[in-house]
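What follows is one structure encoded as structure tokens, with my remarks underneath.
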Amino acid sequence: MEVAFSGDSVIDGGDGGGVSKSLAVIACTAMAILYVAILYAPTLILRLPPPDSFQSHLIRRFICAAISSVTSLIACSLILPIQWGKSHLSGVYGIRLDHIWQAVVFPLTLTSLMYAGTFILKLLLLLDSGQEDGGNGRSLSLDSIKNVVHEFIESVSSMASDISAWRNFFVAPLTEELVFRACMIPLLLCGGFNTYTVVFLCPISFSLAHLNHLLEYAQRSGSWLKALTIVGFQVGYTVIFGSYASFLFVRTGHLTAPLVAHIFCNYFGIPVIISRRTGMVTVASVAGLLGFIWFLFPLTSPNLYNATTDNCMCWHGYCSWS
């Protein structure tokens, strides 16, 4: 069977897509292990001295994550049976410029529905702040708007010089999406796994890759039980998000879609579902969840992200998944 990616890069698949299931699983497992293990390579293998600052520590990790991502991309290109057509290998990884605004706007809109309760809570806190300003004799609307604009500008400015912000909103989302979505999903699909299996299988390795934080949390809190609780919750959350990100990648064939969703979720954190101060937050959360379910398939329709989905069996599965 011949599988085409948007009519350009062509994969000669055969019944199993040209890659055995065992090879696909082994390759994905190796990539997940490499992504975590290489973070400790400078001190354990290269015997480099420990970083002298937190910034140096993160920069070293940035380099390791970049090396891991590039290695996975190269390995994936060697394993996948790609026959070169008009497009570059980047198309197989979902790295595309076409339909870029759709890949940004629609996933952000969909993801934001899950944060309806968070937005309502932030709005209520803003109104409370404005009322306090009004009680002090200042204009409620004008001062509130000025404060919001000023705080937004300050937060953006501070993030540009904050090494942790670079990790949370750029390096981590980009490298994780490249390895755990762009590389692993094509491998698993090429190995003959069905679409839903890939969507729920790929996040397992993504979540297990976060287990390396266990020792770090245990050292910080001084309690293994507390560390296990935190990491357990984190693993569960990453499985859910990983499934959603994989769904976006498979449905759209665009790496930008899960990438912007990843950055968005990293910025806002865990969605607020219940607030003691008002039931409006819970109502908004439920309404947002229902809206998310309602628009999940329409806003990820393959036709929104691709020039054509007719008469083809495309590489990421969006042509046959309506």
Side-chain angles (χ1 to χ4, degrees), residues 58 101-130 144-145 147-177 180-181 203 206-207 209-210 213 217 229-249 252 254-296 299-300:
L58 286 187
W101 76 264
Q102 293 95 328
V104 172
V105 174
F106 294 142
L108 280 181
T109 302
L110 184 62
T111 307
S112 66
L113 290 173
M114 292 296 297
Y115 287 82
T118 302
F119 295 148
I120 291 297
L121 181 60
K122 288 183 178 294
L123 177 61
L124 292 175
L125 293 174
L126 176 61
L127 291 176
D128 286 348
S129 176
S144 297
I145 294 173
N147 287 337
V148 169
V149 173
H150 180 68
E151 289 176 3
F152 177 76
I153 294 175
E154 280 193 343
S155 64
V156 172
S157 177
S158 63
M159 282 193 296
S161 58
D162 184 358
I163 192 71
S164 295
W166 279 93
R167 174 191 61 186
N168 296 331
F169 308 132
F170 180 74
V171 177
L174 179 59
T175 56
E176 288 177 0
E177 292 307 317
F180 295 96
R181 246 65 69 182
F206 175 62
S207 62
H210 291 76
H213 298 302
Y217 289 140
T229 302
I230 295 173
V231 173
F233 178 80
Q234 189 178 49
V235 167
Y237 176 75
T238 51
V239 166
I240 296 173
F241 172 79
S243 298
Y244 174 55
S246 299
F247 175 88
L248 288 176
F249 184 73
T252 67
H254 225 300
L255 185 63
T256 304
L259 179 60
V260 296
H262 197 151
I263 295 172
F264 183 94
C265 291
N266 275 9
Y267 182 80
F268 284 101
I270 306 295
V272 176
I273 300 176
I274 300 174
S275 175
R276 294 180 179 178
R277 57 176 295 149
T278 176
M280 289 180 60
V281 173
T282 303
V283 172
S285 297
V286 173
L289 176 60
L290 294 176
F292 176 85
I293 296 172
W294 182 266
F295 289 107
L296 180 60
L299 286 182
T300 60

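Being a predicted model, the structure only gives us computed values, none of them experimental.
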N266 side chain to N168 backbone, donor-acceptor under 3.5 Å: yes
Would you check, one step at a time, whether the test side chain to side chain contact (heavy atoms under 4.5 Å, CB included) holds for I274 with S285? CA-CA 8 Å; I274 300 174; S285 297; over 6 Å; no
What's the verdict on side chain to side chain contact (heavy atoms under 4.5 Å, CB included) for W166 and L58, showing C-alpha distance, side-chain angles and the deciding distance? CA-CA 9 Å; W166 279 93; L58 286 187; over 6 Å; no
Pairwise distance CG(L110) to CD1(I293) - rounded to 0.5 angstrom: 10.5 Å
By side chain to side chain donor-acceptor pair (under 3.5 Å), which residues pair with [X], not counting sequence neighbours?
X    : result
T111 : Y244
T300 : R251
S243 : none

Taking only residues two or more places apart in sequence or in another chain, which ones pass ring pair (Phe, Tyr, Trp, His ring centres under 6.0 Å) with F264? Y115, F268
Restricting to side chain to side chain contact (heavy atoms under 4.5 Å, CB included), what partner residues turn up for [X], sequence neighbours left out?
X    : result
L290 : V286
V283 : none
A287 : none
I120 : L124, M280, V281, A284

Output side-chain donor-acceptor pairs under 3.5 Å for residues 102-109, partner residues at least two apart or in another chain, one line each.
| residue | atom | partner | partner atom | Å |
| --- | --- | --- | --- | --- |
| T109 | OG1 | V105 | O | 2.8 |

Return the minimal non-hydrogen interatomic distance between [X] and [Y], and the atom names on each side.
X    : Y    : result
L255 : R181 : CD1-CB, 4.3 Å
S112 : F119 : O-CE1, 3.5 Å
F249 : P258 : CB-CG, 4.1 Å

Step through the shown structure and confirm whether more than 12 heavy atoms of other residues, nucleotides or ligands are within 6.0 Å of CD1 on I273. no
